[in-house]
Protein chains: 2
Amino acid sequence: MGSRDLHQGATMTAMSGATIHQVAKAAGVSPSTVSNFLNGRPGRMLPETRARVEEAIRHLGYRPNRAARQLRTGRVQVVGLVVPSVANPFWGAFALHLEGAALAAGYHVLLCNSARDPERERAYIDELWADGIRGVVLCSSLPSLDHVLPLVEQGLNLVAFDRTAQAGDPSRMVNISVDNVIGAQLATRHLLELGHRRIAFVSGALRSVNRRERFRGFRDALENAGLSPDDAIVWSGAADEPYGDLDVAGLGRRAAADLMRGDDPPTAIVAINDMCALGVSAGVRDAGLRVGQDVSVVGFDDIVLADLAAPPLTTVRQPMADMAAAAFTHLRECVESDEPATGRSLLMRPELVVRGSTGPVPPPR
Amino acid sequence: MGSRDLHQGATMTAMSGATIHQVAKAAGVSPSTVSNFLNGRPGRMLPETRARVEEAIRHLGYRPNRAARQLRTGRVQVVGLVVPSVANPFWGAFALHLEGAALAAGYHVLLCNSARDPERERAYIDELWADGIRGVVLCSSLPSLDHVLPLVEQGLNLVAFDRTAQAGDPSRMVNISVDNVIGAQLATRHLLELGHRRIAFVSGALRSVNRRERFRGFRDALENAGLSPDDAIVWSGAADEPYGDLDVAGLGRRAAADLMRGDDPPTAIVAINDMCALGVSAGVRDAGLRVGQDVSVVGFDDIVLADLAAPPLTTVRQPMADMAAAAFTHLRECVESDEPATGRSLLMRPELVVRGSTGPVPPPR
DNA sequence: ACCTCCTTGTGCAACGTTTTACCAAGGCTT
DNA sequence: AAGCCTTGGTAAAACGTTGCACAAGGAGGT
């Protein structure tokens, strides 16, 4: 590929990249043999021949044309990643890990931001399919997968991330998620143990599986502590707010403002995730109260920023790196072997990380 | 592949996606005509014919095979995005915007995290090129582009984002960046106007263009205020720390710890970016000091989290959405027209956003 | 000597698209 | 009526791979 010193006619061909034919000619073999060297096992030829092919490839800087290969085989070394919004650091970090795993296996990652809009997801995944991509990590956690079902039935390998299996799911997929119920229970129990009894749950609309599960964990924990469900204070955003993914933080901030303005404001708040919790914290401060003292706040995810906040955020950690690696590995296996492991689920255990944003109930003011 | 209820033969073809031949047959025309309808202008045929083709396409749910198209034309509707780390919310947000612009034009975005490692970038971009991708947004801001030069000379369209033009740059590229010098000057002048005289600059190794420029703006502002360069306190990380992109925040935190432990600690700190500034703020608090009162901190970027921090972060805003759109638009034009606008640069004006993390110099303790 | 099998290859037909060159038929001009 | 555009459309050759089917040439068995 180099470039500088080519005066003889080879230039043009070197420019657009050598083909397998040129390699074959240079090595004095047929294209088939080169192909065999590259794909079938190289044991199919004399060591001497193999050496010549190797040398020719190296010398010409040959890289197989992916389009041609894909056209012929129907495969691409690309997986799709559909996240609500990569501007959320949690998804950013997830994308980083997924991409790392993919890179190590020679795969690439195609990024799609769906804002949890099913129609947008459908359109995206349709395109990915048309591009020959047969593996997708879908992170929207929508309860229904109907919008992508046709493709899954046609052979698309799907990993539903941050979403547990639901009745009616297609069989040809796997779910990878943290145990959101337990996670929310851990968070809520922590607040209860600190003595809180007026606890609010702040989220965007509860339209995704993970959010519903977290809510369930929250409610279960309250009930286990002998509180009635009516004691739960739930703030799920204005009805017109699509999913609260574009700006969860802003949503959290408004929520806190609302809640703190109320008659009998909560002494603790469980936020749907860390970004939301950071927004809630800001809202609490807006109201002139101190996070961790006047009001306890707990998040979910344990993004890097949780530890940098003031006070640092108590939260529920997801083993994200592991999950990302698992998602990719699974996808790769399915795509490469054809015929997928069907109906598997991977449920990871979350971990409570206690920091400064939670504390004992303040004396009544 | 698929499975369930295939009794009639047509199913198989519907499964793997219809081809242009099937569409042609269904419409009673030749493949060429269908192709003309799709690419050349549809004015090339009778309205009646066109209608039949349209109907056939709709009815069969035909989507052109990208691999075949790419093999034939050599083009793909994909641009590469190479960022230091998408886990940094700034790059996450940038990716979101770029992807939005791409989506609107029917393009996809391939995500690459380089950690500013030139070798990794080279390998990445080589692969993108081999994949037929002819447009890449490179965000590492490395002073030398030698590692990607061969490909650029062969026809790769490059947008160097967050990096101004350097002597020796290949001509076939454009630079899009905020004016980092002015930005850093704004930040520093703000601190000077508040009365600060002992000001520190915190960054990872100054190996990227944007960082050097920010540092220059910082130093210029000090000099303009009549301070000697020696008054500048510069903390650029341990020598063994590659670039400080993996964990800028952690770096900022350690930096603050170091600085605050010193004999004559600074009263204000300019951080290389917002993530770093958030880390610095955490470090300042670790040292038992109050951000915005005991120590002023200013960042760069204005990520969403800047406004959520406690206290909210004074910072320099980049018009990111505009820049992302410009980057994509340019790339698209180049890729589609072949032969690029050469040697152009786009330099955007930054804006100082004053929030609570900066304040007047505290009385000496 | 003949058949069989193994080794080390090669030839050729796809894969689904785009595009160049060509063609037929009708309408104008002269 | 001959020549020439124009219109509406087609045939066929690529693009660079892969993988099946086949082929020499030799080794081993009977």
Side-chain angles (χ1 to χ4, degrees), chain A residues 12-53 56-57 60-77 129-132 134 336 338, chain B residues 1 12-54 56-57 60-77 129-132 134 336 338:
Chain A
M12 273 309 293
T13 71
M15 274 197 20
S16 25
T19 77
I20 203 173
H21 288 96
Q22 294 165 357
V23 173
K25 184 143 69 171
V29 297
S30 77
S32 310
T33 300
V34 180
S35 177
N36 279 333
F37 172 80
L38 294 167
N39 309 284
R41 37 279 203 210
R44 286 273 176 169
M45 64 205 68
L46 289 179
E48 205 226 29
T49 315
R50 172 167 51 246
R52 286 210 317 279
V53 172
I57 289 179
L60 274 66
Y62 168 72
R63 329 251 309 173
N65 179 316
R66 304 260 196 167
R69 180 175 272 183
Q70 177 185 352
L71 177 60
R72 186 56 228 253
T73 64
R75 307 193 180 297
V76 235
Q77 309 242 102
W129 176 265
D131 282 6
R134 294 296 173 264
E336 291 186 355
D338 238 2
Chain B
M1 293 222 187
M12 274 308 294
T13 71
M15 276 196 16
S16 26
T19 78
I20 203 172
H21 293 274
Q22 293 165 356
V23 173
K25 183 143 69 172
V29 296
S30 77
S32 312
T33 301
V34 180
S35 178
N36 279 332
F37 172 79
L38 293 167
N39 309 285
R41 36 281 203 211
R44 287 275 177 162
M45 63 204 69
L46 289 178
E48 206 225 29
T49 316
R50 171 166 52 245
R52 287 210 316 280
V53 172
E54 234 159 2
I57 289 180
L60 274 68
Y62 168 71
R63 326 253 311 173
N65 179 314
R66 304 261 197 168
R69 179 174 273 183
Q70 178 185 352
L71 176 59
R72 186 56 229 252
T73 64
R75 307 193 180 298
V76 236
Q77 308 242 104
W129 175 264
D131 282 5
R134 293 296 172 265
E336 291 186 355
D338 238 1

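Here the structure is a predicted model, which is why all the values come from computation and not from measurement. Reminder, nothing fancy here: chain letters follow the sequence lines and each chain counts from 1.
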B/S/- along nucleotides 21-28 of chain C (protein heavy atoms under 4.0 Å) is --------
_Does V53(B) form a side chain to side chain contact (heavy atoms under 4.5 Å, CB included) with R50(B)? I'd like the steps, not just the answer._
CA-CA 5 Å; V53(B) 172; R50(B) 171 166 52 245; 5.7 Å; no
Against the side chain of A68(B), the closest entry in dG16(C), dT17(D), dG9(D) is dG16(C)
All heavy atoms of S35(A) vs all of I20(A), minimum pair found to be N-CD1, 3.8 Å
| Sidechain-backbone polar pair: T73(B) side chain, R69(B) backbone, donor-acceptor under 3.5 Å | yes
Sorted by position of nearest nucleotide on DNA chain D, 5' first, the leading residue of R44(B) and L38(A) is R44(B)
In numerical order, the residues of residues 28-36 of chain A whose heavy atoms come under 4.0 Å of DNA chain C are V29(A), S30(A), S32(A), T33(A), N36(A)
OG of S32(B) to CE of M45(B), rounded to nearest 0.5 Å, is 10.0 Å
Side-chain atoms of N65(A) come closest, of dT19(C), dG9(D), dG16(D), to dG16(D)
note: H21(A), atom NE2; dA13(C), atom P; distance rounded to Å ~ 13 Å
In whole angstroms, the gap separating P of dC15(D) from CD1 of I20(A) amounts to 14 Å
Rounded to the nearest 0.5 angstrom, the NZ-OG distance for K25(B) and S30(B) is 13.5 Å
Rounded to whole Å, the CE-C1' distance (M45(A) to dT10(C)) equals 12 Å
Please examine the side chains of Y62(A) and L38(A), heavy atoms only from C-beta on, and report whether any two atoms are closer than 4.5 Å.
-> yes
In whole angstroms, the gap separating C1' of dT17(D) from CZ of R63(A) amounts to 16 Å
When rounded to whole Å, the NZ to C1' distance for the pair K25(A) and dG16(D) reads 15 Å
For L71(A), report the nucleic acid contact type (base, sugar-phosphate, nothing); a contact means any heavy atom under 4.0 Å. base
Within the distance-only criterion (no hydrogens, no angle test), does the side chain of Q70(B) pair as donor or acceptor with the backbone N or O of R66(A) below 3.5 angstrom? no
Describe the nucleic acid contact of F37(B) in one word from base, sugar-phosphate, nothing, applying a heavy-atom distance below 4.0 Å.
nothing
From CZ of R66(B) across to C1' of dC15(C) the rounded distance in Å is 18 Å
Rounded to the nearest 0.5 Å, the CZ atom of R52(B) sits from the OG1 atom of T49(B) at a distance of 5.0 Å
Worksheet item: Does OP1 or OP2 of dG9(C) have a side-chain N or O of T49(A) closer than 4.0 Å?
Response: yes
Residue pair F37(A) / I57(A), side-chain heavy-atom distance below 4.5 Å: yes
Between CG of D131(A) and P of dT17(C) the distance, given in whole Å, is 13 Å
Would you call V34(B) and V29(B) a side-chain contact if the rule is heavy atoms closer than 4.5 Å?
yes
Separation of dG16(C) atom P from Q70(B) atom CD, nearest Å, is 16 Å
Taking dG19(D), dG16(D), dT8(C) as options, the one with an atom nearest any side-chain atom of N39(A) is dG19(D)
Closest of dG16(D), dT17(C), dT8(C) to the P64(B) side chain is dT17(C)
